**Student:** 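Here it is, the structure, as structure tokens.
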Number of protein chains: 2
Amino acid sequence: MNDISFNTRDCGSCPIRHRAVCARCQPDELEQLDAIKYYRTFEAGQPVIWSGDPMEFVSSVVSGIATLSQTMEDGRTQMVGLLLPSDFIGRPGRDAAPFDVVAVTDLTLCCFRKKPFEDMMEKTPAIGTRLLQMTLDELDSAREWMLVLGRKTAREKIASLLAILARRDASLHKKPPRDGMSFELPLTREAMADYLGLTLETVSRQVSALKKTGVVELQGKRRVTIPDLQALITETGDDVDGAPIV
Amino acid sequence: MNDISFNTRDCGSCPIRHRAVCARCQPDELEQLDAIKYYRTFEAGQPVIWSGDPMEFVSSVVSGIATLSQTMEDGRTQMVGLLLPSDFIGRPGRDAAPFDVVAVTDLTLCCFRKKPFEDMMEKTPAIGTRLLQMTLDELDSAREWMLVLGRKTAREKIASLLAILARRDASLHKKPPRDGMSFELPLTREAMADYLGLTLETVSRQVSALKKTGVVELQGKRRVTIPDLQALITETGDDVDGAPIV
DNA sequence: GCTCAACTTTGATCAGGATCAAACAAGACA
DNA sequence: TGTCTTGTTTGATCCTGATCAAAGTTGAGC
């Protein structure tokens, strides 16, 4: 009862899902879960919710990728989060979404209506505790990203993004990252630029530059191979043993 | 019992303090509190804790100001948080501090030993709930700051910082911000630069520029008057009715 | 008062990344 | 097959903010 799992790293493809929860919950709680849980799917490019909209559910990513971003009146946009499978979306206790959420690939969310979810949180404090841990992790990641945005060069920014994507891709497949690993870039050059506070041209140039130096290899425009992880990490400018930015 | 307050906005100068808690807690909880609570003071400039250090307490700011920051090997530093009175420091459930914490003015913290605090959280779920809310707020602030770091011009960055400081100074004195308000700049130009991802020279120039345009007035180098709040907000580049960044 | 240190301002120059512009690549579809 | 669309690369030029350098300001301590 005190280690209910919220995400796929712990319990399967859907956080708080029927099976994962029922293994540890009372039958009556299980009933309630069925009543308040549902799936939603979005096509690549579709908005999930706009900043300021009332948000009647909390959810987590089952499959696909979504971004969290803000846009200024003149169109400048900054991505503030990348939501991969097992990530949580939503704010128990809040009514309005603070940022835009957009599906960048086809996306499936496992949603819980907010009010019943909050009731469940109240009855099962372990959920709140787990949510606090996840939120603290996200906060640390956000703060680490502030260093990237505020102080790193374009080249270091690209290397940092690739390092994160490599790390998360590895953890998604439950393998440690290793030399020679390769993964699909889920983001367009423009989306990468929005994440890094750059223009898409600069992203393109710096990716090419890293390729020319042999730090990364490209198969087509979207598949990346990292021949030497250490070399990539050196390019990020971080400490060798630096804290992984999720 | 379900709205225990953590900070001065709600209950006085010390979050979770004796008086604030005892008004709503059982006597036996109170006993325990006395045993696990203590104050620490730091002089301006002193470090509170370094990134990676084991952290045996959680705490919150009673008076003074501290910064949360990261430094790269070559000395580039990025401030990732500004801790004002009532802000919480620490991570229940974590052992190592993720960032450097430094007192920028004389500082008093109200500390709780971590283990007993975690026990208390377990016995009193309202504390965890409150902590989750506070952490969600911090996460939103961090993400809003990412827009500042990633997409704003130097001038907009300075305006954004001044707007935040004005807002927080007002809320500290429990007044709404108003035209003509003035407040003390708690940060050196260098610290402002570290917060904004700029150099101190650029900060100095842009502050002067805002002064020349009449957006702010300066009494000495550290006291700022905002004759027209709306004008300042316009300079930030944010929506007029934009979500306040803390 | 003077001296010293810490902080701030101002100036001159440089460079990294933005901007503007055009060509290229690859898939979707008729 | 050709056309269209979307995404990417590459080139030329510009500009914001960094860098290097020096002078100005303020307050503490004597």
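Please read these numbers as outputs of a predicted model, since none were measured by experiment. Here is how names work: the chains are called A, B, and so on, in the same order as the sequence lines, proteins then strands, and each is numbered from 1.
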**Student:** Take Arg94(A) and Asp137(B) through the test salt bridge (Lys or Arg N to Asp or Glu O under 4.0 Å) and record every step on the way to the result.
**Tutor:** CA-CA 10 Å; Arg94(A) 307 303 171 76; Asp137(B) 283 340; 2.9 Å; yes
**Student:** Answer whether the closest heavy-atom distance between the side chains of Thr213(B) and Arg155(B) falls below 4.5 Å.
**Tutor:** yes
**Student:** How many Å lie between NZ on Lys157(A) and C1' on dA18(C), as a whole number?
**Tutor:** 12 Å
**Student:** Taking for each residue the nucleotide of DNA chain C with the nearest heavy atom, is it Arg205(B) or Thr188(B) whose nucleotide lies nearer the 5' end?
**Tutor:** Thr188(B)
**Student:** Assess whether a salt bridge exists between Lys152(B) and Asp238(B), defined as any Lys/Arg side-chain N lying under 4.0 Å from an Asp/Glu carboxylate O.
**Tutor:** yes
**Student:** Please report, rounded to the nearest Å, how far the P atom of dC24(C) is from the CD atom of Glu201(A).
**Tutor:** 17 Å
**Student:** What parts of residues 206-224 of chain A reach DNA chain C, counting only heavy atoms under 4.0 Å away?
**Tutor:** none
**Student:** Where each residue is assigned the nucleotide of DNA chain D containing its nearest heavy atom, which of Arg151(A) and Leu200(A) is assigned the position nearer the 5′ end?
**Tutor:** Leu200(A)
**Student:** Which nucleotide of DNA chain D is the first, and which the last, in the 5' to 3' direction, to come under 4.0 Å of a heavy atom belonging to chain B?
**Tutor:** dG17(D) to dC20(D)
**Student:** Name the closest nucleotide to the Leu198(A) side chain, picking from dG17(C), dT19(C), dT8(C).
**Tutor:** dG17(C)
**Student:** Ignoring backbone atoms, establish whether Arg189(B) has a side-chain N or O less than 4.0 Å from OP1 or OP2 of dT9(C).
**Tutor:** yes
**Student:** Determine the interplanar angle of the Phe57(B) and Tyr38(B) rings, folded into 0 to 90°, and report it as parallel if under 30°, tilted if 30 to 60°, perpendicular if over 60°.
**Tutor:** perpendicular
**Student:** Out of the candidates Leu107(B), Asp106(B), Val102(B), Thr105(B), only one should pair with Phe42(B) under the side-chain contact (heavy atoms from CB on, under 4.5 Å) rule; please name it.
**Tutor:** Leu107(B)
**Student:** Could you check whether Gly45(A) gets within reach of a base, just the sugar-phosphate, or nothing at all, counting any heavy atom under 4.0 Å?
**Tutor:** nothing
**Student:** On the nucleotide dA18(C), are OP1 or OP2 found under 4.0 Å from the side-chain N or O atoms that Thr202(A) carries?
**Tutor:** yes
**Student:** Between the side chains of Ser51(A) and Gln70(A), is a donor N or O closer than 3.5 angstrom to an acceptor N or O?
**Tutor:** no
**Student:** Less than 4.5 Å apart, side chain to side chain, heavy atoms only: is that true for Met192(B) and Gln206(B)?
**Tutor:** no
**Student:** Is any side-chain heavy atom of Arg151(A) closer than 4.5 Å to a side-chain heavy atom of Glu156(A)?
**Tutor:** no
